[in-house]
Every structure is written in C-alpha cells, then in structure tokens.
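Here is the structure we will look at.
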Amino acid sequence: MHWADSIATALSHRGDKHVIASGITPSGEFHIGHLREILTSDIIKRACIALDLDAEFVFFVDDADPLRKVYSFLDNSYEQYIGHQLANIPPPDANGVPDNERFAQGISYARHFLEPFIQALEAIGVQIDEVIYNYDAYQSGKFAEASRSACNQVDAIREVIERVSGRELDDDWFPWNPIDSKGSIDGIRITGWDDPIVNWIDSDGNSGQSDVTKGEGKLPWRVDWPAKWVWRGVTMEPFGKDHGAAGGSYDTGKEICRLLGNEPPYPTTYEWISLKGVGAMSSSTGVIIGPLEALNLVPPEIIRYLITRNKPNRHIDFDTGSALIELADEYQKKLSDLEKGPGEWDELSRRQQVAWEKLKAQLLYSQIDPASTPQAASERVTFRHLSMLAQIRSEDANVWGSLHRSGLIESEPTGDLPRRLELMRAWISSPHFPEAFRLRIQTEIGDGAKENIDERDVDYLKALCRGLADCEWKSHEINAIICNEAKSRDISLRDAFQTLYWIVLNQDFGPKLANILEEMDMQAVLDLLQLAIDELSS
RNA sequence: GGGCCUGUAGCUUAGCCAGGUAGAGCGUCCGGCUUUUAACCGGAUGGCCAAGGGUUCGAAUCCCUUCAGGCCCGCCA
C-alpha cells in the first residue's frame, strides 16, 4: 500500500472529518524541502478523499515568529529588526537591504518570501483550502482561548516541557512572549498575569501590558504549535524530524494539546531533502534549490513524483543533474507501464500485486489535477533524448523535424512536449545541467582523439574535407558523404563514426553526428578536420 | 546522554506494517537495426537481503543483541 493510503487508513479509524495541517516559518527563501512538507500534506489529503473521508488542508504561515538573526543574505541593517515579527518588518531588496517602499505597499518580509512559494504550489497542483497567517490569527483573537488557557496553566505546561524535553526553564518563564515598546519579543521579563493581561518589563526597563486575546505578542513555539491544533481542530500534521525527536516539540506538544483540551493530531515525521554533494538545505545558510527553480527544470509532476515515490521517512538526495533526468524518464516509463496494465491479476504473486498497487498510487498522486487519471504521453520522447536534441538543434522546428524523421512524433509536437523542450533549454543553459550530458564541440584535437585515431584515417579525412567542402550543408548530404567515403575505403561505419566522434566531441560516441555538423559552421568543421589531418601527418 | 532513520545485485532501490520460491531501473555484456547514436527492440550477467542469535513447518519480513552510516534533540522542514 502506498504510504499516503496507509496514513489515510489510520486516520479513518479516528474519524471521518480531518484537518490536515502544515506550517512553515517564512524566514528566508523557500526551497524544495519546504515543498516536501506541503506535498506530504497534499498527498495525504488526496488519499483521505479517495477513502471518502472529509478532508481539508490548512497551511499555517508562521509570520508571527520573530526574525532570529541577520541571515547571510540580509544587510546588517536588519540588526534593528531582530526579535521583531516577520509580518511586521520590511522585505529585503535585491541587495538584502530593507525595502521600505514595498513594505509601505503592504509587502512584509514574510509576504516577500511567501508569494513566489504560493505561486509554485499552484503550479504543482497543491490545493490549499485555507492559508492561515499566524500574525493575523493572533490579532483577530483566534488564539485567545488557547492563550488564556495556557497562561492559566503555566505550572502544568512548565512541568511538561521540563519533564519531556529535559531542559530547565527560567524561574520567570511564562507561556507568552509580549511585544515590547520597540516591537521586539526578545528580552522581556514577565512580571504578572491578570487574565487576560500580561505585565512585563523590557530590556530597557520600560514596563507595559499585553492582552493575550488581541495578539499583543505570541505564544512560545512549544505552546504555539499545540494551540494551533486546538483552535483549528488539526487531526493530522506531518513535520520534519527535528520536531519528531524524543523530547522534541511534538512530544511536548501532544501533552500540552491535551492540557488545552484536545487530542493531538496524528503525526508523521518526514526526513530532510539534501542537495546531493552539498548537504542539507537550509534557508539561513543559503544552500537551497528554490521550488520555482526546480519547477523551471522539469514539469511539476516530476517533483510530485519525487515526493510520492519516497516514503516520508526516507531521506532524499536531491540532484538537479543526471539523477533528475533519470527520475523524469522513470516517471514516463512508469506511465507507459501503467497503460500496459498488470497482466493476468490472478497469476501475479502477492509481491507483484503490491508493486502494482503502489505504482498506480504513485502516479495518481503525481498528477497536477487531482481529478485526472495518469496518462502516458502519446510520444515516447525521453528527457535524455530531448536533452541531446535541444543541444544540437537551436531551432525548435528542427527538433520536431528530427523527432518526426525518427518516427517518434507524427508531425507537430503534441501534449506537453513543447513545454518540456522549453524547460530543457532553460535547464541546459543553467548551471544545474549535468556535465555528463553536455555536448562539447571541440575546437582543437583532444588527447582522447590523439590516442584513438591513426594514419589509416588520413586518407578518409582528406576525402571527407573535399566532399564536405562543396556539398549542400544539410544533414542527409553530410551523412551520405561520411558513409560513402567510408564504404569506398572499406572502413566500417562504426570505426568511421568513432573516429569522427573523437575529433568533434573528444569521445567515442554521441548523438547523430550529421545533425551536430549541420548545426556547426561548415568552415569550422573543415578546420577541425584539417587539424586532425595535420596532427596525424606530423 | 536521549531518540529517529537507513543498511537488499557495481549504483539507485521495491518488497518489511498483515512471514510462504528475492523484483525493478540504471550500469555492464551480447544480439537486432547497420546511413552511425547516448534513441529503439530483444536477451544475458549479477544478491549467503550488514552480522549473530531466537520464534516458526517456513524469516529480507516478527523478536533480541551487535556492527556500520546518516540525522535530530539551541524552532532551519
């Protein structure tokens, strides 16, 4: 059974109505790891609906959280905003400097980072039923009951946190972080609690009052989380493994949740996505692949597939290089496997049946439109093949022509093929494109070529030069000359082409050579051949 | 210290929750096509399922122990 279906089945034993939640702090650029959080929830929601459960997906934007520090991508002038809530400070401009102009137009720091992410979510088929801005939720009193309840049970909550997490809280710890006279929630000491008013004194010695029902501050994280569960009735939430560790915020959260009067949600811990060869992605260190960036390389269903094919507890090494091309091709192959069908069901082993069910679910949950059934593309053009053609053919029309000649498409490209080519071109021109797939047209004779061509080829190469010099510069003409000159000298085509691959690409294989040569300038080809002849003659 | 995850063919892995002959993709090799390919089609190769013990008629799967790797526990998902 697919992991999402297992979770949905577990949820069905708890009730018919489910609120699946995700929460992210918009402290910096969003990355593909955040996408895992959201997609995990989205896929579980779809699985619930498939089981006829009533399920909705709410996305908590933790914009009431304070700026923790001046991140590497921020200008030092952000120093003044440390401790201030993310919904309340200006966004950085291109240089990381606070952009007060945009802030005046209503774009906060949090919104600045959130908006492109929300766009990416739409593109990837995530249907969020409700986006909850935590800052607004506090302001409008959504947290009022839970906040008062927490403040009235300060001892019980302190006991839970100290016992479960094993850390000691300060004597004056209080489950409310008020906003001080400067707008910061750091460095404030609580001096009294008179429901619903918290009295405090800040680091400058100024004192004040904070009404917990009006969002004049916020609950600290370990209380804030269960408070969300309570007021919004969350029944399921996936979270990163940092929260899932023993004594972590889920452990304390589930007990605090009961103190606040509700059962905690069904948990799912998911592993992190790291960038292959670089390490874990982190908004604060700048090690990121933005979700938009990833979506600029491959169609969005490939990113969904990355998440559906891996169980949440499975660590993912994300690799924008050859592994991504292979992933995309695997997705397409599985689609056509699905179309072929499982064969005689009764003759399948149980193992095969399990695999089939899982394949179906993986592909189903990869669809952008939840209502659509997975369908194999009518063409069988792999990403691998497309990556070659895109490099050889600078004009789209020539790519389609090539695919048509090789019988892979009827005449005009159909489906998402034009879009895939567009993405592929962007990928190739990005630093993410795998070097192993990159074609390198040589301008001099490489070492590999020197070792692998010999004098027997000289006569052949000379003949080629003569032939190519006055042929019509079309791939079929070029190809005919290459083949005919080889035949007339009893050189096997395999050897002839290998020799030429060595000269042109400095490797012994490649895509259709004539197509490459056609894209090159005739004189450049002749010059390169002459260099090879000179090399051999010396 | 506490805890989580992972360990299956050269590589990536499915199968483990509900025990019943170890599956796939990539790679490699061979063959087909031969006006060539990294395309396409067909075939082959390859695993004492980390180690040890236990339960069982039967264990990759359940239990215990060990080893190895990764990670989390200062709100970075």
Side-chain angles (χ1 to χ4, degrees), chain A residues 1 3 6 9-10 22-25 27-28 30-38 40 62 65-66 68-69 71 164-167 220-222 224-225 238-249 251 269-274 280-285 287-288 309-315 317 319 322-323 326-327 329-330 333-334 337 349-355 358-359 362 380-382 384-389 402-403 406-408 436-437 439 475-476 478-484 486-487 492-501 505 507-516:
Chain A
M1 195 187 285
W3 57 263
S6 302
T9 304
S22 273
I24 298 177
T25 305
S27 56
F30 282 72
H31 53 69
I32 192 145
H34 293 113
L35 220 41
R36 183 174 211 178
E37 157 105 24
I38 300 291
T40 302
D62 289 329
D65 289 6
R68 280 281 151 212
K69 62 174 184 178
Y71 299 114
V164 177
S165 79
R167 70 174 174 188
W221 162 246
R222 285 194 185 243
D224 171 281
W225 200 19
F239 44 84
K241 62 178 176 181
D242 50 337
H243 297 314
S249 46
D251 271 3
T269 309
Y270 60 86
E271 262 286 350
W272 308 57
I273 296 180
S274 59
M281 266 177 266
S282 165
S283 300
S284 43
T285 58
V287 177
I288 54 165
R309 78 192 283 277
N310 290 292
K311 282 185 280 198
N313 64 9
R314 192 111 203 161
H315 171 93
D317 255 335
D319 177 356
S322 52
E326 276 151 25
L327 180 75
D329 281 335
E330 178 185 307
K333 178 161 193 317
K334 291 212 171 160
D337 287 348
S349 67
R350 185 177 154 275
R351 187 173 283 130
Q352 287 171 310
Q353 294 180 348
V354 167
K358 178 168 288 185
L359 170 77
Q362 284 178 347
R380 301 289 308 275
V381 183
T382 61
R384 181 183 279 257
H385 192 43
L386 199 58
S387 79
M388 286 185 270
L389 290 176
S402 176
L403 288 172
S406 49
L408 287 167
F437 287 85
L439 297 174
S475 64
H476 60 276
I478 296 169
N479 203 51
I481 291 167
I482 293 172
C483 296
N484 292 336
K487 272 184 181 169
S492 80
L493 288 172
R494 186 182 195 84
D495 289 345
F497 276 105
Q498 279 197 357
T499 299
L500 293 172
Y501 282 124
L505 297 175
Q507 55 189 32
D508 66 352
F509 54 82
K512 293 214 182 235
L513 187 62
N515 292 340
I516 299 178

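Just so we're on the same page: letters track the sequence lines, and every chain starts at 1.
- For the pair H243(A) (side chain) and G240(A) (backbone), a donor-acceptor distance under 3.5 Å is absent.
- Here, U45(B) and U6(B) have their C1' atoms 28 Å apart, quoted to the whole Å.
- Of the C1' atoms belonging to G46(B) and C29(B), the separation is 11 Å, rounded to the nearest Å.
- Of the inter-residue distances, the one linking N310(A) atom CG with T40(A) atom OG1 reads 10.0 Å to the nearest 0.5 angstrom.
- In a base pair of the Watson-Crick type (N1 to N3 plus N6-O4 or O6-N4) or a G-U wobble (N1-O2 and O6-N3), with each distance short of 3.5 Å, G42(B) is matched with C30(B).
- Between I482(A) atom CD1 and T499(A) atom OG1 the span is 11.0 Å, to the nearest 0.5 Å.
- Put simply, the side chain of R36(A) gets close to the backbone of E271(A): a donor and an acceptor are under 3.5 Å apart.
- Residue-level contact check: D65(A) touches the bases, meaning some heavy atom is under 4.0 Å from a base atom.
- Ranking C72(B), G74(B), C5(B) by closeness to the E271(A) side chain, first place goes to C5(B).
- Look at the C1' atom in both U65(B) and G74(B): the space between them is 34 Å, to the nearest Å.
- C49(B): no Watson-Crick or G-U partner with both key distances under 3.5 Å is found in any strand.
- Summary of the strand contacts: K311(A) and G244(A) both lie near RNA chain B, and taking for each the nucleotide with the nearest heavy atom, the more 5' one is attributed to G244(A).
- A donor and an acceptor atom never sit less than 3.5 Å apart when one is taken from the side chain of Y501(A) and the other from the base of U37(B).
- In this pair, W225(A) and F239(A) present their aromatic rings perpendicular. The plane angle is above 60°, beyond the 30 to 60° band.
- Comparing A77(B), G74(B), G27(B) by their closest approach to the side chain of R384(A) singles out G27(B).
- Mapping V354(A) and R68(A) onto RNA chain B via the closest heavy atom, the residue that lands nearer the 5' end is V354(A).
- A side-chain donor-acceptor contact under 3.5 Å links S165(A) to the backbone of R167(A).
- Pair assignment for C4(B): G70(B), on the basis of Watson-Crick or G-U wobble contacts that are both within less than 3.5 Å.
- The side chain of R222(A) has G74(B) as its nearest neighbour among A77(B), G74(B), U6(B).
- Using a 4.0 Å heavy-atom cutoff across all strands shown, K334(A) reaches no nucleic acid atom at all.
- Taking only side-chain atoms of S27(A), from C-beta outward, the nucleotide of C76(B), A39(B), A18(B) with the closest atom is C76(B).
- Comparing G23(B) with U66(B), their P atoms are spaced 33 Å from each other, to the whole Å.
- Among the heavy atoms of the strands lying under 4.0 Å from N479(A) is at least one base atom, whether or not backbone atoms are also near.
- Comparing the P positions of C62(B) and A68(B) gives an interatomic distance of 23 Å, to the nearest angstrom.
- Searching all strands for a Watson-Crick or G-U wobble partner of A9(B) with both distances below 3.5 Å returns nothing.
- Checking G74(B), A38(B), U13(B) against every side-chain atom of R314(A), the shortest atom distance belongs to U13(B).
- Comparing the same atom, P, in U36(B) and in A24(B) gives a spacing of 31 Å after rounding to whole Å.
- Across the C1' atoms, A9(B) and C4(B) are found 28 Å apart, a figure rounded to whole Å.
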